[in-house]
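Numbers restart at 1 for each chain; the letters A, B, ... are given by sequence-line order, proteins then strands. Computed from a predicted structure; not experimentally measured.
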2 protein chains.
Amino acid sequence: MPSFPAARATMPPLPSKSPRLKRVTLADIAARLGVTKVTVSRALNQPEKVSDVMRERVRECAHELGYMPNRQAGSLASGRSQLIALLIPSLSNAVFSELHRGLEAPLAARGYQLLIGHTGYSMEEEERLIETWLSFGVDGLVLCGSRHSKRAIEMIARSGCAVVECMEKREAPLDMAVGLDQHAAGRAMTEAMITRGHQRIGLMAARMDQRVEQRLGGWQSALEAAGLTQDYLMTTTAPSSVQLGSELLAEMLQRWPELDAIFCCNDDLAAGALFECQRRHIAVPADIALAGFNGLEMTRSTCPPLASVVTPRRDIGARAAALMLARLEGDTDATPSGHWEDLGFSLQTGGSL
Amino acid sequence: MPSFPAARATMPPLPSKSPRLKRVTLADIAARLGVTKVTVSRALNQPEKVSDVMRERVRECAHELGYMPNRQAGSLASGRSQLIALLIPSLSNAVFSELHRGLEAPLAARGYQLLIGHTGYSMEEEERLIETWLSFGVDGLVLCGSRHSKRAIEMIARSGCAVVECMEKREAPLDMAVGLDQHAAGRAMTEAMITRGHQRIGLMAARMDQRVEQRLGGWQSALEAAGLTQDYLMTTTAPSSVQLGSELLAEMLQRWPELDAIFCCNDDLAAGALFECQRRHIAVPADIALAGFNGLEMTRSTCPPLASVVTPRRDIGARAAALMLARLEGDTDATPSGHWEDLGFSLQTGGSL
DNA sequence: TTGTATGCGTTATCAT
DNA sequence: ATGATAACGCATACAA
């Protein structure tokens, strides 16, 4: 692996940064225009409450001076920050970036800014982030999953902050919830495999977060209902990756050569398993069937395309945003505390079943 | 694609959320302890400046009351937010999540919180986000790339905010910069293909952001230097995806059946191209060689593993954090405005060359 | 339509 | 080691 040289340098003394000029504030504009700060504030934030000429003069002056509002001051005074924090387990998992996409547009449309925190699948880190964002005065919190530390729950309760819990079925949410039944999804995919005639169906799981455990439960109950063995179970708490999928496949085949299908608890694992099959010239699905979970874009392009459970993560984000907005904009009856929604899922059979 | 039912419900009128109790502030603790707010503030933030007993009494009381500091007020008063914003083009691109990983730990260790904004590869959106975060008083800004709107640059200059520009070589940065020479990287990979004996080397690119264009330039100059044709060029501004890689490969092979190698401007495209080759029973690299860019985890697991340019995005994040911290903590001589670093790259030859 | 007065919760500056 | 006072920049209630 050839490596290419790194370099570093510092440019000749550039014209040093202009000394941090004093911030332009409402008062500056007011002074320049011979009016009071209130008028300026109104001209900018409640334009209808001010005369047309005033409004224009203020705007022009603000632009000229390069005025930039100080939102900390604004939030402090008003008690509302227009900030909503989304806490996700992982940034690199496409599932969460799509959840984020679903949330962002509707929130932005109403003037809310979405903050992202990533917990690394740790409840402690989640607690830390909740504390951080609450102390920055977020108006709302969007969490993943249903398990949170006791202290996190207390802090949230005390703050009175709106909360939507995402991704799982959650019949008694902290506040509101949108998700899908991960257990049912795991069961449905397993049943689909059984329907296709597979009998020795293994399960491969990594990370073992809350949702993976629910999927695993679904796999178990489907097998149990069909009177099939639940012995072919390979789990690890290591982070999921494509490479890990290849490794786990190798290990499972060695331990249980009789396997005729493997349900991988996410698409990365499934892809890795598929690649390993290609390396070993094991035909998928003729020799062994594979399925993943989430239905990421990639699963539709592999050779063959991977079966997967398609989860509506983008819709989940969109609904979470809607609930949050309804709550925040006072439409409180539409979204009482305790409200939850199950957005379902669908099966993509691909070519690997 | 079977679909599974969605459900929604609202639970029976739960014991309604306790009415947002008044926030616990420094003043509450002070009153309870018969001291002033200043003392309480000091006990919590500059423990050494207060007597041992006082410190303990304050801490205990704060805990008892469930005190949570209001950082908006703190920032407003102190002029520093301990907030640093990272603006990335895309959340779903693993390159940026790894950049983020590199940044986060060192910043968190010094008490800074990292904000993430995603621009969708749009300069306008970047400008909007810069405005937003500056108005929230961030102490630092980490940007991707070297092209920013005029207004964005003005706002940054006026704010006096510290800036690190990431990912590209940048010899005259706004403030500081860390990256790699994308042109050189594109050229090096192309040269590696030439060295392997390939003569008709195509390039496949999507999204066409700043860095992709630089890689393309590298490809061109390598071909030019070797006296090879630059005709086999297929670009689209559509977002990159694995599926798109498959489609573009199909189109390129139809147009130029003589191609013996394709340099894909990122790993997703390369993976899609590889899968399409598998579908068509085109041997890689015997019939056609493939290479990607970035060296994502996945490239090491495909069959065969993909050649790729490995970029040190995590290190870039770490260096960016170090520069930012040095600047913010007053160690200003170590990181004068104009400072830049090239962290280099390496080639992973995989099995697809 | 505009202005006055006050408060948001904290930190900074000087004192004591 | 602790306190008094004054910012920080803006929004809100109420008044004119």
Side-chain angles (χ1 to χ4, degrees), chain A residues 20-59 61-62 65-83 111 134-139 158-160, chain B residues 20-58 62 65-83 111 134-139 158-160:
Chain A
R20 199 179 202 115
L21 327 98
K22 201 186 159 313
R23 249 188 161 296
V24 177
T25 73
L26 283 187
D28 298 322
I29 301 180
R32 207 148 184 279
L33 259 41
V35 298
T36 60
K37 300 187 289 181
V38 203
T39 306
V40 179
S41 172
R42 276 195 282 246
L44 296 172
N45 303 320
Q46 314 172 49
E48 73 283 0
K49 296 199 144 192
V50 101
S51 72
D52 295 7
V53 279
M54 191 72 248
R55 190 184 321 137
E56 268 323 300
R57 289 181 59 204
V58 168
R59 282 185 174 162
C61 181
L65 264 47
Y67 170 71
M68 176 171 300
N70 181 327
R71 303 257 268 153
Q72 325 218 55
S75 304
L76 185 57
S78 71
R80 308 177 6 93
S81 63
Q82 303 275 99
L83 244 30
L134 285 179
S135 72
F136 273 107
V138 296
D139 295 333
R158 197 177 344 248
S159 76
Chain B
R20 198 176 203 119
L21 328 97
K22 200 185 159 313
R23 245 186 164 297
V24 178
T25 75
L26 284 187
D28 297 323
I29 301 180
R32 209 147 182 279
L33 259 42
V35 298
T36 62
K37 300 186 290 182
V38 201
T39 305
V40 178
S41 173
R42 277 198 280 249
L44 296 172
N45 302 319
Q46 313 171 51
E48 74 283 1
K49 296 198 142 192
V50 101
S51 71
D52 294 8
V53 279
M54 190 74 249
R55 190 182 324 135
E56 268 324 300
R57 289 180 60 204
V58 168
L65 264 47
Y67 170 71
M68 177 172 301
N70 181 330
R71 304 255 270 156
Q72 325 220 51
S75 305
L76 185 58
S78 71
R80 312 186 353 99
S81 63
Q82 302 276 101
L83 246 28
L134 285 180
S135 72
F136 273 106
V138 295
D139 295 332
R158 202 183 333 257
S159 75

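Residue A:K49 contributes atom NZ, which lies 13 Å from atom P of C:dT2 at whole-angstrom precision. Rounded to an integer number of Å, the gap from A:L33 CG to C:dT1 C1' is 15 Å.
No side-chain donor-acceptor contact under 3.5 Å links B:S41 to the backbone of B:K37. Listed for the A:S81 side chain is a donor-acceptor partner under 3.5 Å among the backbone atoms of A:G137. Judged by distance alone, the side chain of B:R23 and the main-chain N or O of B:M68 form a donor-acceptor pair under 3.5 Å.
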Its contact letters, B for base, S for sugar-phosphate only and - for none at protein heavy atoms under 4.0 Å, make nucleotides 8-16 of chain C read BBBSB----

Mind running side-chain contact (heavy atoms from CB on, under 4.5 Å) on B:L76 and A:N70 for me, showing each step along the way? CA-CA 9 Å; B:L76 185 58; A:N70 181 327; 3.9 Å; yes

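Proximity of B:T36 to the phosphate of D:dT2: no side-chain N or O atom is located under 4.0 Å from OP1 or OP2.
Looking at A:V58, A:V53, A:D52 one by one, the single match for side chain to side chain contact (heavy atoms under 4.5 Å, CB included) with A:R55 turns out to be A:D52.
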